Amino acid sequence: NGWQEVPVYKSTDLKPGHKIPGPGIIVQPISTVVLEIGCTAFITANGDIRIEIAKGDELNHTEDGPEEVKEDPIQLSIFSHRFMGIAEQMGRTLQRTAISVNMKERLDF
């Protein structure tokens with residue numbers, strides 16, 4: 001059905017050496033990390049998050065063999081428009097706040 005309950009972790013609660021298997025979500029004060037199926041996050045000695053991504057042949061396999069990955073054109077269009085909107089907002093913010101003439105007037109970004 002496409003919906004899956006996943007564990008949510010606060011980054012402040014994670015200590016060096018923690019291993020978090022995907023799927024899962026790690027919430028940080030300024031960002032959110034989404035772990036896909038097959039990925040594993042490790043908390044390093046410095047408190048950073050290192051993510052190991054599963055190889056392509058490890059994903060999308062069932063006992064019967066490889067599972068076909070299907071693209072949803074509606075969801076693809078929605079995310080495409082969202083990302084384009086974010087990029088346009090970033091450009092407008094850069095234009096408003098830029099000191100450089102290239103950025104402010106020529107829109108060279």
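All figures in this text were calculated on a predicted structure; none of them were measured in a lab.
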Check the pair I26 / I20 against side-chain contact (heavy atoms from CB on, under 4.5 Å), numbers first and verdict last.
CA-CA 9 Å; I26 302 171; I20 302 145; 3.9 Å; yes
Could you tell me which residues satisfy side-chain hydrogen bond (donor to acceptor under 3.5 Å, both in side chains) with R96, sequence neighbours excluded, listed by chain and number?
none
Please name all residues satisfying salt bridge (charged side-chain N to carboxylate O under 4.0 Å, His left out) with R50, sequence neighbours left out, ordered by chain then number.
E52
Rounded to the nearest 0.5 Å, what separation is found between the CD atom of E88 and the NE2 atom of H81?
9.5 Å
Rounded distance [0.5 Å steps], CE in M84 versus OG in S80
6.5 Å
Where is the tightest heavy-atom contact between I49 and A41, given as atom of each residue plus distance?
CG2-CB, 4.0 Å
Within the supplied structure, the quantity of interest is the number of heavy atoms (other residues, nucleotides, ligands) at a distance under 6.0 Å from Q28 CD; does it exceed 12?
yes
Joint cluster assignment, F79 & V34, ILVMFWY side-chain distance < 4.5 Å
no
Minimum heavy-atom separation for C39 to I51, with atom names?
CB-CG2, 4.2 Å
Counterpart residues, side-chain hydrogen bond (donor to acceptor under 3.5 Å, both in side chains), relative to T93 (two or more places apart):
none
What residues form a side chain to side chain contact (heavy atoms under 4.5 Å, CB included) with V6, not counting sequence neighbours?
Q4, P23, I25
If you round to the nearest 0.5 Å, how far is CG of D48 from CZ of F42?
14.5 Å
For Q75, check side-chain hydrogen bond (donor to acceptor under 3.5 Å, both in side chains) against everything at least two apart and list the hits.
none
What side-chain donor-acceptor pairs closer than 3.5 Å can you find for residues 7-19, not counting sequence neighbours?
{"from": "S11", "atom 1": "OG", "to": "V27", "atom 2": "O", "distance (Å)": "3.4"}
{"from": "H18", "atom 1": "ND1", "to": "K15", "atom 2": "N", "distance (Å)": "2.7"}
{"from": "H18", "atom 1": "ND1", "to": "K15", "atom 2": "O", "distance (Å)": "3.0"}

